[in-house]
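Following: one structure in structure tokens, then a few remarks.
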Amino acid sequence: QVQLVESGGGLVQAGESLRLSCASSRRTYNRDAMGWFRQAPGKEREFVAAINWLQSRIYYTDSVKGRFTISRDNAKKTLYLQMNSLKPEDTAVYYCAARNTMELPTSHNSYDSWGQGTQVTVVS
């Protein structure tokens with residue numbers, strides 16, 4: 001049963017923007033910590049951003065601070081990642097993840113539900 005479905009990826013020029021969405025069908029959505037991760041070819045999956053269910057804590061990896069914004073609409077059960085000033089090094093498959101926890105994990109090993117991923121390609 002697919003619980004997380006990402007959308008919004010695509011091919012863009014450097015400097016342009018994209019907004020990723022992740023629709024959740026999890027019963028625990030309103031208690032879930034949620035995060036975005038990405039994986040480039042030949043590289044390990046890396047943390048991008050995370051937000052707790054109260055939206056009171058948000059973490060970003062250093063390379064996206066000031067360019068990416070994570071948010072969630074709890075009424076729509078949807079997680080977002082607004083990506084501005086995109087760079088070629090942002091090219092990867094982006095995954096959303098969820099975990100029913102009061103903590104806000106940044107390790108992919110701490111999340112137990114994953115989407116299928118959406119490709120983001122940035123060309124210079």
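Just so you know, these numbers use all the heavy atoms, side chains as well, and skip hydrogens, waters and symmetry mates. A quick note: this is a predicted structure, and the numbers were derived from the prediction, not measured.
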Heavy-atom closest contact ([X] atom, [Y] atom, distance):
{"X": "Thr101", "Y": "Trp53", "value": "O-CD1, 4.4 Å"}
{"X": "Ala23", "Y": "Thr78", "value": "CA-OG1, 4.2 Å"}
{"X": "Val93", "Y": "Gly117", "value": "CG1-CA, 3.8 Å"}
{"X": "Ala50", "Y": "Pro105", "value": "CB-O, 3.8 Å"}
{"X": "Ala98", "Y": "Asp32", "value": "CB-OD2, 3.9 Å"}
{"X": "Lys43", "Y": "Gln39", "value": "O-NE2, 3.1 Å"}

Short question: side chain of [X], backbone of [Y] - any donor-acceptor pair under 3.5 Å?
{"X": "Asn52", "Y": "Arg57", "value": "yes"}
{"X": "Thr28", "Y": "Arg26", "value": "no"}
{"X": "Thr61", "Y": "Val48", "value": "no"}
{"X": "Arg67", "Y": "Ser63", "value": "yes"}
{"X": "Asn74", "Y": "Lys77", "value": "no"}
{"X": "Tyr59", "Y": "Phe47", "value": "no"}

Legend entry - Test log, rule side chain to side chain contact (heavy atoms under 4.5 Å, CB included), inputs Val12 and Thr121: CA-CA 6 Å; Val12 297; Thr121 303; over 6 Å; no

Give the cluster check for [X] versus [Y]: same hydrophobic cluster or not, with ILVMFWY residues linked at side-chain heavy-atom distances below 4.5 Å.
{"X": "Ile51", "Y": "Tyr60", "value": "yes"}
{"X": "Ile70", "Y": "Phe37", "value": "no"}
{"X": "Tyr111", "Y": "Ile58", "value": "no"}
{"X": "Tyr29", "Y": "Leu4", "value": "yes"}

Euclidean distance, [Y] [atom2] relative to [X] [atom1], rounded to 0.5 Å:
{"X": "Met34", "Y": "Cys96", "atom1": "CE", "atom2": "SG", "result": "5.0 Å"}
{"X": "Ser21", "Y": "Lys76", "atom1": "OG", "atom2": "NZ", "result": "9.0 Å"}
{"X": "Arg99", "Y": "Ser107", "atom1": "CZ", "atom2": "OG", "result": "10.5 Å"}
{"X": "Gln116", "Y": "Ser7", "atom1": "CD", "atom2": "OG", "result": "8.5 Å"}
{"X": "Leu79", "Y": "Ser71", "atom1": "CG", "atom2": "OG", "result": "7.0 Å"}
{"X": "Glu46", "Y": "Arg38", "atom1": "CD", "atom2": "CZ", "result": "4.5 Å"}

Inset, instruction - Begin from the C-alpha positions of Gln13 and Val122 and carry the test side chain to side chain contact (heavy atoms under 4.5 Å, CB included) through to its verdict. - result: CA-CA 5 Å; Gln13 299 281 336; Val122 185; over 6 Å; no

[Y] side chain reached by [X] side chain, heavy atoms, under 4.5 Å:
{"X": "Leu18", "Y": "Val120", "result": "yes"}
{"X": "Trp114", "Y": "Arg45", "result": "yes"}
{"X": "Leu86", "Y": "Glu16", "result": "no"}

Inset, instruction - Return yes when atom CD of Glu44 has more than 12 non-hydrogen atoms of other residues, nucleotides or ligands closer than 6.0 Å, and no otherwise. - result: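 For Glu44, atom CD is not crowded (no more than 12 foreign heavy atoms under 6.0 Å).
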
Inset, instruction - Is it possible for you to check whether Arg72 lies under 6.0 Å from the centre of the six-membered ring of Tyr80, through NZ or CZ, and within 45° of that ring's axis? - result: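 Verdict for Tyr80: no cation-pi partner in Arg72.
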
Inset, instruction - Verify side chain to side chain contact (heavy atoms under 4.5 Å, CB included) between Thr118 and Leu20, making sure each step is shown before the conclusion. - result: CA-CA 8 Å; Thr118 186; Leu20 305 184; 4.0 Å; yes

Legend entry - side chain to side chain contact (heavy atoms under 4.5 Å, CB included) assessment of Gln119 paired with Thr91: CA-CA 8 Å; Gln119 177 70 46; Thr91 295; 4.0 Å; yes

Inset, instruction - Show the numbers, then the answer: is there a side-chain hydrogen bond (donor to acceptor under 3.5 Å, both in side chains) between Asn84 and Ser17? - result: CA-CA 4 Å; Asn84 298 330; Ser17 299; 2.9 Å; yes

Inset, instruction - If the plane angle is over 60° it's perpendicular, under 30° parallel, otherwise tilted; pick one for Phe68 and Tyr94. - result: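 Ring orientation of Phe68 relative to Tyr94: tilted.
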
Inset, instruction - Test Asp62 against Lys65 for salt bridge (charged side-chain N to carboxylate O under 4.0 Å, His left out), laying out the working first. - result: CA-CA 5 Å; Asp62 285 345; Lys65 286 180 181 177; 3.0 Å; yes

Inset, instruction - Would you sort out whether Ser25 and Gln3 count as a side-chain hydrogen bond (donor to acceptor under 3.5 Å, both in side chains), showing the intermediate values? - result: CA-CA 5 Å; Ser25 59; Gln3 295 184 314; 5.7 Å; no

